[in-house]
Every structure is written in structure tokens, then in C-alpha cells.
Amino acid sequence: MTLSEMREILKTRDLQLTKSLGQNFLHDGNQLRRIVAAAELSPTDKVLEIGPGLGPLTELLLASGAPVLAIEKDARLATFLRERFATTANLTLLHDDALAFLQRGIAPRLPGAAVTDATAADQPADWSTWKLVANLPYSVASPILVELALHPLRPERMVTTLQLEVAQRIVAEADSEHYGVLTLLLQLHYTSPGYFRIPAGCFFPPPDVDSACLTLLRRPQPLLDQRQTQIFVRLIKRAFSQRRKMMLKLLKSEWPEEALHAAFAQLGISPQERAEKVGLEVFMEFSKLLAT
Ligand code: SAM
């Protein structure tokens with residue numbers, strides 16, 4: 001879909017774009033193809049697309065032969081997509097808030113009819129054989145990625161276009177500017193071969209922020225069990241609750257001082273250390289100690 005085709009659709013249907021829904025549509029064919037290539041799709045994959053918009057990415061995803069579940073919050077766009085893809089059996093389109101849909105934890109019906117209703121699903125969601133491929137609405141990109149990453153049956157791959165700064169936070173290393181809770185929540189379950197930048201001019205209208213497409217690959221085995229993971233999440237959220245404060249002081253509100261001192265000593269962490277200096281491995285070992 002070219003920029004002039006996009007403009008024509010928006011004009012003909014009198015569609016005013018909504019900034020709060022992050023409606024910056026990607027019209028650059030090369031960038032769209034790069035995103036799809038990063039997903040390494042085969043017809044046996046299942047694809048989750050969040051925020052299909054006018055469907056430029058959806059079209060390429062469907063061309064891979066894989067079934068696509070697309071969730072669009074804007075009713076006007078959902079109506080347009082229903083018409084555009086009316087004869088496409090491989091597409092399931094939900095008009096819903098994707099974050100709310102994921103939080104409800106129910107499975108979509110696939111492949112089924114081309115158009116279905118969000119309330120029709122009733123099985124618990126299992127995303128473990130799915131790939132998320134999406135140009136995400138920037139305002140909800142982080143919560144959507146965290147929701148999927150922390151799901152016990154998380155997607156095998158996530159290829160998403162994000163605000164550049166969010167991509168940098170996800171791949172950050174300890175003791176760097178972007179390192180924090182988002183880094184650790186995603187890196188616990190995913191590794192990343194990296195991201196590529198997408199110039200603002202590739203979108204209509206161009207966003208005010210820089211963008212990048214990030215690939216995340218699920219780790220072959222979970223590094224922590226379910227209980228340890230719960231403690232890991234509590235631990236890092238508390239440890240980073242005040243970035244400039246010593247971690248030990250912050251953690252005292254949640255765990256007995258004695259257990260904390262013992263863990264700090266065993267892990268070789270200085271009592272003066274701040275969370276931003278502590279790496280993923282140490283937080284993992286810390287969670288295991290607190291779980292015993
Ligand atoms: N995929 C299209 C593209 O690449 O041109 C559109 C991407 S645009 C950045 C984000 C899309 O997400 C918009 O179509 C917007 O309406 C939709 N959206 C925003 N918030 C959403 C939400 N919570 N759930 C589902 N879709 C959402």
C-alpha cells in the first residue's frame with residue numbers, strides 16, 4: 001500500500017487519524033518487507049498482529065501463508081479491514097483493545113471465520129506457537145510486550161516496531177542509561193539479535209519520536225520457575241522504585257533484613273549498591289535465594 005493509496009482511503013472514508021491511538025501508518029514497502037523478513041514466517045506459523053491500521057503489514061503477513069490474528073481498537077479501521085480482507089479465510093480480525101484482550105487471558109478462535117467476535121473465545125490462551133509481528137501503538141507497546149513476555153505460554157518470537165527509546169531500554173546492559181525494569185522483564189525470557197531504525201518519513205503522518213523494529217527470540221528454556229519469576233518481578237520493581245537509592249534500603253520494606261544481608265553477602269553485592277549496577281544473572285540468583 002503506497003502513501004498515495006493510504007491518503008486516498010483516509011480521504012474517501014473521511015477518516016481523521018487519532019493521535020492517542022498512535023495512528024502513524026507505515027507506508028514504506030522496504031521497511032514493511034524487512035519487518036516480515038525478521039519474523040522468518042512459514043505457513044505453519046501463527047501470527048498475532050496488534051494494531052493492523054489500514055492493513056499494509058497484514059497483507060504481507062498473509063502472503064506468507066500463515067494464519068493471522070489481527071486486533072484493532074479503532075472501530076472505523078476494523079470496519080475498513082473487514083471489507084478489505086472480506087475474502088481472506090486466513091485472517092481472524094478482532095475489534096478490541098489488544099491489551100485488555102491479552103489480560104483477559106482467553107484464546108482466540110483460529111482459523112475459523114474471517115471475522116469473529118472478541119467475546120466468542122473461551123479457552124485459556126496459549127501463545128507458545130505464535131509470533132507477534134506488529135507496528136505497535138507506542139503508548140501501549142511496553143505493557144503489551146510485558147504482558148506477553150510474562151505469560152507462561154509466551155510467543156516464540158516478537159518482531160515489533162517501537163519507539164527507538166523503548167527498543168534501547170529492552171536491549172540495554174547493566175550500568176547504562178536505558179537499563180531498568182523493562183530491560184529485565186523482557187531479557188528474563190527473551191534474547192535479541194538487535195533492531196533496525198525506521199526513519200520517521202516512512203510513516204504517515206511522521207511520528208515525533210524515532211522508531212525501530214526490534215526482534216526478540218524466546219529463550220529455549222525458562223531461566224526461573226513460576227515462583228522464582230514472581231519474586232524476580234517483585235524484586236526488580238522494588239529495587240528500581242527509586243533509581244538513585246541504595247537497593248538494600250529499598251528492599252527492606254518487602255523482605256527481612258537478615259535474609260537480605262545473607263543474600264547480598266552470598267552474591268557479593270555491596271550493601272551500598274544501586275539496582276542499575278546489578279545485572280540480570282545476579283537478580284536471577286537473588287530471586288532463587290529469596291524463593292527458598
Ligand atoms: N499496522 C499499521 C501500519 O503499520 O501502518 C498501523 C500501525 S499504527 C502505529 C497503530 C495501530 O494500532 C493503529 O491502527 C491504532 O488504531 C491501533 N491501536 C491503538 N491502540 C490499540 C490497542 N490498545 N489495541 C489494538 N489496536 C490499537
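For ligands, and for the atoms within them, numbers begin at 1 and follow the listed sequence. All heavy atoms count here, side chains included; hydrogens, waters and symmetry mates do not.
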### Query
Under 3.5 Å, is there a donor-acceptor pair between the side chain of R157 and the main chain of T215?
no
### Task
May I ask you to decide if the ring planes of W127 and F101 are parallel, tilted or perpendicular, using 30° and 60° as cut-offs?
perpendicular
### Task
With heavy atoms under 4.0 Å as the rule, classify the contact between A134 and ligand 1 as side chain, backbone, both or neither.
neither
### Message
Using only atom types and a distance under 3.5 Å, with no angle test, would you say the side chain of E72 pairs donor to acceptor with the backbone of D74?
### Response
yes
### Message
At less than 4.0 angstrom from any non-hydrogen atom of F25, what atoms of ligand 1 do you find?
### Response
5 (O), 6 (C), 14 (O)
### Task
Note the single closest protein heavy atom to atom 16 (O) of ligand 1, along with its residue, its atom name and the distance in Å.
E72 OE2, 2.6 Å
### Query
Can the positive tip of R34 be found less than 6.0 Å from the middle of the six-membered ring of F196, inside 45° of the ring normal?
yes
### Query
Mind checking whether N24 has a heavy atom under 4.0 Å from ligand 1?
yes
### Task
Around atom 24 (N) of ligand 1, find the nearest protein heavy atom and jot down its residue, atom name and distance.
A98 N, 2.9 Å
#### Entry: Path from I71 to V146 over hydrophobic side-chain contacts below 4.5 Å
yes
### Task
Give the residue and atom name of whichever protein heavy atom lies nearest to atom 19 (C) of ligand 1, and the separation in Å to one decimal.
L21 O, 3.1 Å
### Message
Using a 6.0 Å cut-off, check whether atom CD of E5 has over 12 heavy atoms from anything other than its own residue.
### Response
yes
#### Entry: Proximal atoms of ligand 1 relative to D97 (non-hydrogen, under 4.0 Å)
23 (N), 24 (N)
### Query
With a 4.0 Å cut-off, would you call K237 and E254 a salt bridge?
no
### Query
Does ligand 1 have any atom sitting under 4.0 Å from a heavy atom of D96?
yes
### Task
Could you tell me whether some N/O pair between L26 and ligand 1 is separated by less than 3.5 angstrom?
yes
### Summary
NZ of K73 to CG of D97, rounded to nearest 0.5 Å, is 4.0 Å
### Query
Which heavy atom of P56 sits nearest a heavy atom of R84, and at what distance?
N-NH1, 4.0 Å
## Note on the structure
Of A78, G51, G53, the residue with the heavy atom nearest atom 1 (N) of ligand 1 is G51
### Message
Which of the numbered atoms in ligand 1 are under 4.0 angstrom from any heavy atom belonging to I71?
### Response
25 (C), 26 (N)
### Task
Considering heavy atoms of the protein only, find what lies nearest to atom 3 (C) of ligand 1 and give residue, atom and distance to 0.1 Å.
N135 ND2, 3.5 Å
### Message
Using a 4.0 Å cutoff against the non-hydrogen atoms of K73, which atoms of ligand 1 qualify?
### Response
21 (C), 22 (C), 23 (N), 24 (N), 25 (C), 26 (N), 27 (C)
### Query
Just which atoms of ligand 1 are under 4.0 Å from any heavy atom in E49?
1 (N)
### Query
When you measure from atom 2 (C) of ligand 1 to every protein heavy atom, which one gives the shortest distance, and what is it?
P52 O, 3.2 Å
### Task
Give the numbers and elements of all ligand 1 atoms closer than 4.0 Å to a heavy atom of G22.
8 (S), 9 (C), 10 (C)
### Task
Can you sort out the partners of F232 under ring pair (Phe, Tyr, Trp, His ring centres under 6.0 Å), two or more places apart, ordered by chain and number?
none
### Query
Within a radius of less than 6.0 Å around NZ of K249, do more than 12 heavy atoms belonging to other residues, nucleotides or ligands occur?
no
### Task
Could you tell me whether L32 and ligand 1 have an N or O pair separated by under 3.5 Å?
no
#### Entry: Lys/Arg-Asp/Glu bridge criterion (N-O < 4.0 Å) met for D208, K19
yes
### Task
Starting from atom 20 (N) of ligand 1, locate the nearest protein heavy atom and write down its residue, its atom name and how far away it is, to 0.1 Å.
P137 CG, 3.5 Å
### Atoms in ligand 1 with a heavy atom of L77 nearer than 4.0 Å
14 (O), 16 (O)
### Query
Any idea which atoms of ligand 1 are less than 4.0 Å away from a heavy-atom of Q23?
13 (C), 15 (C), 16 (O)
